[in-house]
Amino acid sequence: MSNPSNHGRYKKIVCAYSGGLDTSVMIPWLRENYGAEIVTYTGDLGQGEDLTGIRAKALRTGASAAEVDDLQERFVREFIWPAVKAGALYEGQYPLHTALGRPLLARRLVEVARQHGADAIAHGCTGKGNDQVRFEVTSMALAPDLGVVAPLREWELLTREDEVDYAFARGIQVPITREKPYSIDQNLWGCAIECGEMENLWTEPPADAWQMTADPVEAPRGSTEVLIGFEAGVPVSIDGVAMGGVQLIRALNELAGRYGVGRIDMVENRVVGLKSREVYEAPGATLIHMAHLELERVCLDRATFNMMRRLSQDFANIIYDGVWFGPLRENLSAFFDQANHTINGEVRIRVSAGRAIVTGRRSATSLYDDGLATYSHGDTFDRTAAVGFLKLYGLGYRTVASVRRKTGRDPLNS
Ligand code: ARG
């Protein structure tokens, strides 16, 4: 589907670049088919790949300039923590690591496009996934005048072999390692693994698919305890030791990963209308969400707790759907920031093979009142007040009962 009329459509294109096969082939392809100058952009979200040498590699592949930056701190502060404060888990399970990374990468692509005076950006997403949506909607929301090119939706290079041949014919070096047959997207907040045998819903994910977690069967024997400390809804310490977000998430990934905690195997609804089988690993995210929810239970009044649980689903959908930079996400974030002011304290979690459970919680802003809760000495709860409370609380049901009896709809007689 290469379209000769695209030639000259854009002068300069900023291309999202990972150094992998697709984005490497994109450089010569965009130059030939669009006749454009190419600038690459690579952001480090903690994907665990060595990015030294990536600039040189991009330049060797035909880019005229290559930008690389470390986005980890920013990823945590501006995207991961707001998602934690909202308890955002898509369809109840997926902690959204990929979905949270895309708006940040797209924003940087747009900024780099401005710096270099480019008139378009390009990404290596397929036409079938959610990521194209996230890149393109972000770009539209931040820079509606910029063009967007998605070579994978246009070119005729349908297999890996086609891509390798294309590069080879142009004397361009591409990674021709025998890759695993999976599509893997990893960053600090988790990992997604799809394709290969896992396209069959009944097939258990093969052992070599997992990247961040040990098989629970091979986990250390016994268990270990970890204390996660929070301030205003944000994790700030492990076992009483204060640490920055990147370091804290890494440490929890390592700990939970060693015990095989945080494996998720789910079938999810994509934005583009199909269901897909996704296998995720989110060791640190699992512990952090678990601890945060526990403090919500302790520190929030009942009405706020319930509202937060309801809005948390909406927030997760917004992230998943790629509309991070829309007004509703900003408005909901304002609510979650406010509601998280009183979420402080520590949660103790016991971690053992494939399992994590909360065993304790303490908070200076706890709403748990010992005097009101106790069934022993020191009870401050006025049990006589329950009589009047029940009289009114049940009043409506007395009325319902008498009307039902009169109209022959008494449940006792049906
Ligand atoms: N299904 C997830 C999402 O849409 C993960 C996508 C991960 N991408 C990948 N190439 N494996 O956010």
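The analysis underlying the following values was restricted to heavy atoms, covering all of them including side chains, and did not include hydrogens, waters or symmetry mates. In each ligand, atom 1 is the first atom listed, and ligand 1 is the first ligand listed.
For the residues V133, N269, L100, N130, the heavy atom positioned nearest atom 4 (O) of ligand 1 is part of N130.
With hydrogens and angles ignored, the 3.5 Å screen pairs a side-chain donor or acceptor of T365 with a backbone N or O of T342.
Contacts of R270 with ligand 1, taken as heavy-atom pairs under 4.0 Å, are absent altogether. The proximity of Y90 to ligand 1, defined as any non-hydrogen pair under 4.0 Å, does not occur for either the backbone or the side chain.
Salt bridge present: E111 and R108 bring a charged side-chain N and a carboxylate O closer than 4.0 Å. Salt-bridge formation is not detected for the pair R74/D44: no Lys NZ or Arg NE/NH1/NH2 atom is positioned less than 4.0 Å from an Asp or Glu carboxylate oxygen.
Within ligand 1, counting atoms from 1 as listed, the ones closer than 4.0 Å to a heavy atom of Y280 are 1 (N), 2 (C), 5 (C). Counting atoms of ligand 1 from 1 in the listed order, those under 4.0 Å from a heavy atom of E278 are 1 (N), 5 (C). Listed by atom number, the atoms of ligand 1 under 4.0 Å from E194 heavy atoms are 8 (N), 9 (C), 10 (N), 11 (N). The ligand atoms of ligand 1 that sit less than 4.0 angstrom from a heavy atom of S183 are 9 (C), 10 (N), 11 (N). In the vicinity of T98, heavy-atom distances shorter than 4.0 Å reach the ligand 1 atoms 5 (C), 7 (C), 12 (O). Below 4.0 Å from some heavy atom of R134 lie the following atoms of ligand 1, by number and element: 3 (C), 4 (O), 12 (O).
The protein heavy-atom contact nearest to atom 1 (N) of ligand 1 is E268 OE2, 2.7 Å. Of the protein's non-hydrogen atoms, Y94 OH, 2.6 Å is the one closest to atom 12 (O) of ligand 1.
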